[in-house]
Amino acid sequence: MTPLHQRIFEEIEANIMSGAWKPGQRVPTEQELVEQYQCSRMTVSKALTVLTRRGMIVRRRRHGTFVSAPQIDRTVMDIQDIGVEAQLAGHEYSYSILTRSIERLTPHEAMKLAETPDMEVLRLLCLHVVDDKPNAIERRVIMLDAVPSARDEAFASRPPGVWLLEQVPWTEAKHIIRAIPADAATAQLLELQRGEPCLSLTRQTWQNGRTVTHVEVTHPGDRYQFAGVFHPSAQDV
């Protein structure tokens with residue numbers, strides 16, 4: 001059976017994608033959805049969280065939740081939460097921090113990120129697991145001048161990406177999606193054969209011009225997909 005939170009998500013998504021709910025239209029409140037589906041607030045919150053992360057709805061404090069205006073960069077280039085999306089689809093999710101170290105940017109990294117060499121950073125290697133199978137390797141650098149609280153954070157209760165979004169909301173992001181063959185280290189962690197196809201998402205985020213983090217997330221090619229839904233803007237009609 002489809003989990004209830006997934007059904008709520010799919011039904012709201014269908015209303016938005018079909019045009020039944022227009023941009024700017026108010027979405028039922030959590031309490032209204034709880035009563036409609038006869039479920040817990042947590043179940044409703046799971047569905048609304050994913051809709052928010054996908055840019056389909058906007059939650060405004062003290063005003064309510066509304067259908068977003070369609071934006072390509074928010075549907076295709078959404079900063080995805082692997083854990084929430086896995087749980088929404090009814091899968092088991094876990095993650096582990098494999099390595100954690102405080103180091104300095106190499107000259108090559110500094111040039112790639114347009115930052116000053118020798119800046120202090122937190123390096124993380126994180127493994128995301130869905131249904132007991134490795135789903136993604138996360139190689140992340142966090143700039144400690146922008147996020148000093150990361151120095152002592154263990155990421156015990158929340159994966160690094162989720163923790164960062166809560167601590168330092170980004171104002172600009174750049175994404176690159178590529179198909180790559182698994183190298184030896186990647187193949188070992190993802191339980192693949194060397195050379196098997198993978199999907200790689202590289203992202204750099206900034207807050208008001210300062211780099212917050214640079215991350216490369218690598219998925220097995222047959223266990224993940226990036227998807228976006230598009231609508232024509234007025235100028236395209």
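Just so you know, these numbers come straight off a predicted model, no measurement behind them.
Nearest heavy atom pair, residue Gly195 against residue Pro181, reads O-CB, 3.7 Å. Of all heavy-atom pairs spanning Gln207 and Pro169, the tightest one is NE2-O, 3.1 Å. The two atoms that bring Ser149 and Trp163 nearest to each other are OG-CH2, 3.5 Å, heavy atoms only. Residues Trp21 and Pro28 share a closest heavy-atom pair of CH2-CD, 3.6 Å.
When the shell of 6.0 Å around CD of Gln193 is examined, it contains 12 or fewer heavy atoms from other residues, nucleotides or ligands. Under a cut-off of 6.0 angstrom, the local environment of CD in Gln167 is crowded, with over 12 non-hydrogen atoms contributed by other residues, nucleotides or ligands.
Connection of Leu124 to Leu98 is not established within any shared hydrophobic cluster, with ILVMFWY side chains joined at heavy-atom distances below 4.5 Å, either directly or through further cluster members. When hydrophobic clusters are built by joining Ile, Leu, Val, Met, Phe, Trp and Tyr residues whose side-chain heavy atoms come closer than 4.5 Å, directly or via intermediates, Val168 is not grouped with Trp206. Connection of Leu125 to Ile142 is not established within any shared hydrophobic cluster, with ILVMFWY side chains joined at heavy-atom distances below 4.5 Å, either directly or through further cluster members. Cluster annotation: Leu113 is connected to Val121 through the hydrophobic network of ILVMFWY side chains, with a link wherever side-chain heavy atoms come within less than 4.5 Å. Taken together through direct or relayed side-chain contacts under 4.5 Å among Ile, Leu, Val, Met, Phe, Trp and Tyr, Val34 and Leu51 form part of one hydrophobic cluster.
Residues Tyr37 and Thr43 are not in side-chain contact: their nearest non-hydrogen atoms beyond the backbone lie 4.5 Å or more apart. Ile12 has its side chain within reach of Leu33: a pair of non-hydrogen atoms, C-beta onward, lies under 4.5 Å apart. The shortest side-chain heavy-atom distance between Glu120 and Arg151 falls under the 4.5 Å cut-off. Looking only at side-chain heavy atoms (C-beta outward), Pro134 and Leu189 stay at 4.5 Å or farther from each other. Residues Lys22 and Val67 have side chains not in contact (no heavy-atom distance under 4.5 Å, counting atoms from C-beta outward). A 4.5 Å side-chain heavy-atom check between Phe9 and Pro3 finds every atom pair outside the cut-off. Between Leu105 and Met143 the shortest side-chain heavy-atom distance falls below 4.5 Å. Side chains of Val58 and Thr52 form no contact here, defined as non-hydrogen atoms less than 4.5 Å apart.
Considering Leu165, Val212, Thr213, Leu164 as possible partners of Trp170, the one that fulfils the side chain to side chain contact (heavy atoms under 4.5 Å, CB included) test is Leu165. Put simply, the residue from Ile97, Thr99, Ile82 that forms a side chain to side chain contact (heavy atoms under 4.5 Å, CB included) with Cys126 is Ile97.
Remark: Glu138 CD to Leu201 CG distance equals 10.5 Å, nearest 0.5 Å. The distance from atom OG1 of Thr49 to atom CE of Met42, rounded to the nearest 0.5 Å, is 10.5 Å. To the nearest 0.5 Å, the span separating CZ on Arg203 from CD1 on Ile176 amounts to 12.0 Å. Note that CG of Leu190 and NZ of Lys133 are 12.5 Å apart. Values are rounded to the nearest 0.5 Å. The line from CE of Met119 to CG of Asp145 is 3.5 Å long, rounded to the nearest 0.5 Å. Atom OG1 of Thr218 sits about 9.5 Å away from atom CG of Leu199, to the nearest 0.5 Å.
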Apply side chain to side chain contact (heavy atoms under 4.5 Å, CB included) to residues Glu115 and Val141 and explain how you reach the verdict.
CA-CA 12 Å; Glu115 294 291 341; Val141 170; over 6 Å; no
Verdict with supporting geometry, Ile16 and Val27, side chain to side chain contact (heavy atoms under 4.5 Å, CB included)
CA-CA 10 Å; Ile16 294 172; Val27 174; 5.6 Å; no
Full working for side chain to side chain contact (heavy atoms under 4.5 Å, CB included) between Arg26 and Phe66
CA-CA 4 Å; Arg26 180 182 170 279; Phe66 301 86; 3.8 Å; yes
Walk me through it: do Leu122 and Val147 pass the test side chain to side chain contact (heavy atoms under 4.5 Å, CB included)?
CA-CA 10 Å; Leu122 174 64; Val147 198; over 6 Å; no
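Side-chain atoms of Asn135 never come within 3.5 Å of backbone atoms of Val129 as a donor-acceptor pair (strictly under, hydrogens ignored). Although no hydrogens or angles enter the test, the distance criterion places a donor-acceptor pair under 3.5 Å between the side chain of Arg100 and the main chain of Glu153. A donor-acceptor contact shorter than 3.5 Å is absent between the side chain of Ser45 and the backbone of Arg41. Under the 3.5 Å distance criterion, the side-chain polar atoms of Arg123 are matched with a main-chain donor or acceptor of Arg104. Under a 3.5 Å cut-off, the side chain of Thr106 and the backbone N or O of Glu109 do form a donor-acceptor pair.
For the residue pair Arg194/Gln188, the side-chain donor-acceptor check at 3.5 Å is not satisfied. Inspection of the Gln6 and Glu10 side chains reveals an N or O donor paired with an N or O acceptor under 3.5 Å. For the 3.5 Å distance criterion, the side chains of Thr202 and Arg178 fail to qualify, holding no donor opposite an acceptor.
Between His128 and Tyr95, the ring planes lie tilted relative to each other; the angle falls in the 30° to 60° range.
Residues meeting the salt bridge (Lys or Arg N to Asp or Glu O under 4.0 Å) test with Glu35, sequence neighbours left out: none.
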